[in-house]
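Just so it is clear, the structure is predicted and the values come from calculations on it, not from any experiment.
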Amino acid sequence: MTGSAFLFYEMLGLLVIGFIGFTARKVRILPVEANRVLTQVILYITLPSLILYAMDINLSTEIMFELLWLIGLSIYAMAVAILVGRGMRRSATLPENKQGVYEGLIVFGNQGFIGYAVTFYLFGEIGVLYTAIFMIFYLFLIWSYAIYLVARNYQKINLSLLFWNPGIIATTLGLVIMLMPFGWPSPVSSLLLTLGELTMPLSMLLIGSLLAGLTASACRQLMTSKYVWLAVLAKLVVIPVFLLPFIYLPVSMTVIGVAILVTATPSAPTITMYAEKYGGDTKFAAVIVAAGTILCVLTIPLLYSLIVWLS
């Protein structure tokens with residue numbers, strides 16, 4: 001089985017888990033409170049565990065070179081996403097409660113959930129490490145700039161979230177461990193891996209449960225909006241394409257694969273949560289997240305095939 005076919009089946013498996021979460025919420029096996037509980041478990045337990053496990057490696061000159069590439073690519077990718085999102089928002093004729101949501105969904109992808117799943121399946125632990133490094137600037141921005149886009153009020157941003165969110169803390173601690181001459185003891189490493197591997201299935205259960213909150217009529221109405229499909233197209237295809245020229249530069253397949261595929265993840269459910277908190281259109285956000293999540297089962301394997309072919 002080729003890498004692309006393998007990735008397609010793995011992505012399809014994640015989609016099935018998402019459907020299970022959707023069904024469980026619809027039949028009330030998962031209560032409304034389950035969304036918050038799953039989010040907390042993922043953000044504060046399983047995802048930090050996965051990051052801490054993956055970053056327990058011995059640094060080499062080659063890895064240091066690739067980490068510098070990842071930092072540069074992450075800055076470039078976020079800059080492109082911000083410019084594309086801003087341009088598309090300004091050219092759109094949307095009500096005020098949709099404008100910031102629309103821009104935020106174009107800029108920010110589901111890197112923390114689907115991104116880690118994809119890179120772990122394709123590249124193993126090194127993929128998780130590279131994703132953690134690639135996401136450093138993303139984490140700062142999604143806890144600050146993303147809130148600003150939705151709320152349009154700098155006073156509502158809690159600056160402490162920039163430094164005291166679980167992603168930043170886990171990545172910082174992981175960098176410290178990486179620089180030390182010793183790693184995690186074997187029992188600790190095994191425990192981190194066991195917890196970290198729960199991130200992927202729990203993430204998809206959460207996404208499915210979030211989507212179950214939409215009514216069929218609201219979904220049908222929003223699916224006819226051109227802005228839903230423009231946002232999905234920009235997030236899954238347009239922005240990642242800006243990274244393709246880097247394939248021809250002296251950078252490894254793993255680095256460029258992580259950068260492009262993580263950038264190509266569908267819109268972040270976090271924007272839906274911000275919309276709920278700050279008065280944005282949550283239904284509009286949820287439909288864009290849903291459409292992108294379903295279509296990425298096709299677009300991410302196709303994009304990976306393109307990367308391999310160009311390489």
Side-chain angles (χ1 to χ4, degrees), residues 18 35 39 74 77-115 118 135 137-153 156-157 203-204 206-214 218-219 221-242 261-300 303:
N35 291 345
T39 300
S74 69
M78 288 307 306
V80 168
I82 289 170
L83 290 174
V84 170
R86 183 176 299 176
M88 291 181 66
R89 190 256 305 165
R90 287 178 175 175
S91 64
T93 53
L94 287 168
E96 187 176 351
N97 68 334
K98 287 184 179 179
Q99 290 179 9
V101 172
Y102 180 62
E103 185 175 353
L105 291 167
I106 293 169
V107 174
F108 294 99
N110 195 351
Q111 300 184 7
F113 296 160
I114 293 179
V118 170
M135 283 184 59
F137 291 97
Y138 168 93
L139 288 170
F140 278 106
L141 290 173
I142 200 167
W143 287 94
S144 55
Y145 185 63
I147 295 175
Y148 163 69
L149 290 178
V150 178
R152 293 290 169 183
N153 184 350
K156 292 187 177 181
I157 298 174
S203 298
M204 295 311 298
L206 171 61
I207 291 171
S209 180
L210 286 170
L211 296 179
L214 275 177
C219 187
Q221 182 181 1
L222 288 168
M223 292 291 274
T224 61
S225 170
K226 69 177 181 179
Y227 295 113
V228 169
W229 301 109
L230 285 174
V232 171
L233 179 65
K235 193 70 203 73
L236 298 184
V237 179
V238 176
I239 296 173
V241 164
F242 279 92
L261 295 177
V262 170
T263 302
T265 52
S267 298
T270 308
I271 303 298
T272 307
M273 300 175 198
Y274 289 161
E276 178 70 27
K277 184 173 182 179
Y278 296 107
D281 191 323
T282 56
K283 293 179 180 179
F284 179 66
V287 167
I288 293 176
V289 171
T293 302
I294 293 170
L295 289 177
C296 81
V297 175
L298 293 174
T299 58
I300 289 179
L303 196 55

**Request:** State which residues pass side-chain hydrogen bond (donor to acceptor under 3.5 Å, both in side chains) with T93; sequence neighbours excluded, sorted by chain then number.
**Result:** Y227

**Prompt:** When you measure from the side chain of Y138 to the backbone N and O of G109, does any donor-acceptor pair fall under 3.5 Å?
**Reply:** yes

**Prompt:** Hey, what do you get for CD1 (I300) to CG (L295), rounding to the nearest 0.5 Å?
**Reply:** 10.5 Å

**Shortest non-hydrogen separation from I142 to A268 and the atoms involved** = CD1-CB, 4.3 Å

**Message:** Taking side chain to side chain contact (heavy atoms under 4.5 Å, CB included) as the definition, give me every residue that meets it alongside T293, ordered by chain and number, with sequence neighbours left out.
**Reply:** I114, M204, I207, P266, V289

**Request:** Rounded to the nearest 0.5 Å, what's the gap from NZ on K98 to CG on L105? Could you check?
**Result:** 12.0 Å

**Request:** Give, for atom CG of N97 and atom CZ of F284, the distance between the pair rounded to the nearest 0.5 Å.
**Result:** 9.5 Å

**Asked** Looking only at heavy atoms, what is the nearest atom pair of F108 and L149, with distance?
**Response** CE1-CD1, 4.2 Å

**Message:** How long is the straight-line distance from CZ of R90 back to CD of Q99, given to the nearest 0.5 Å?
**Reply:** 11.0 Å

**Asked** How about T265 and V118: do any of their side-chain heavy atoms sit closer than 4.5 Å?
**Response** no

**Prompt:** So which heavy atom on T263 is nearest to which on Q111, and how close?
**Reply:** CA-NE2, 4.5 Å

**Message:** Show the nearest heavy-atom pair for residues V232 and A291, with the distance to one decimal.
**Reply:** CG2-CB, 3.9 Å

**Sole candidate of I271, I106, I288 that passes side-chain contact (heavy atoms from CB on, under 4.5 Å) when paired with V101** = I271

**Message:** For the CG atom of L233 and the CD1 atom of I239, what is their distance to the nearest 0.5 Å?
**Reply:** 10.0 Å

**Request:** Keeping the roles fixed (side chain from K235, backbone from L230), state whether a donor-acceptor pair exists under 3.5 Å.
**Result:** no

**Prompt:** With side chains defined as the heavy atoms from C-beta onward, is the minimum distance between I82 and E103 less than 4.5 Å?
**Reply:** no

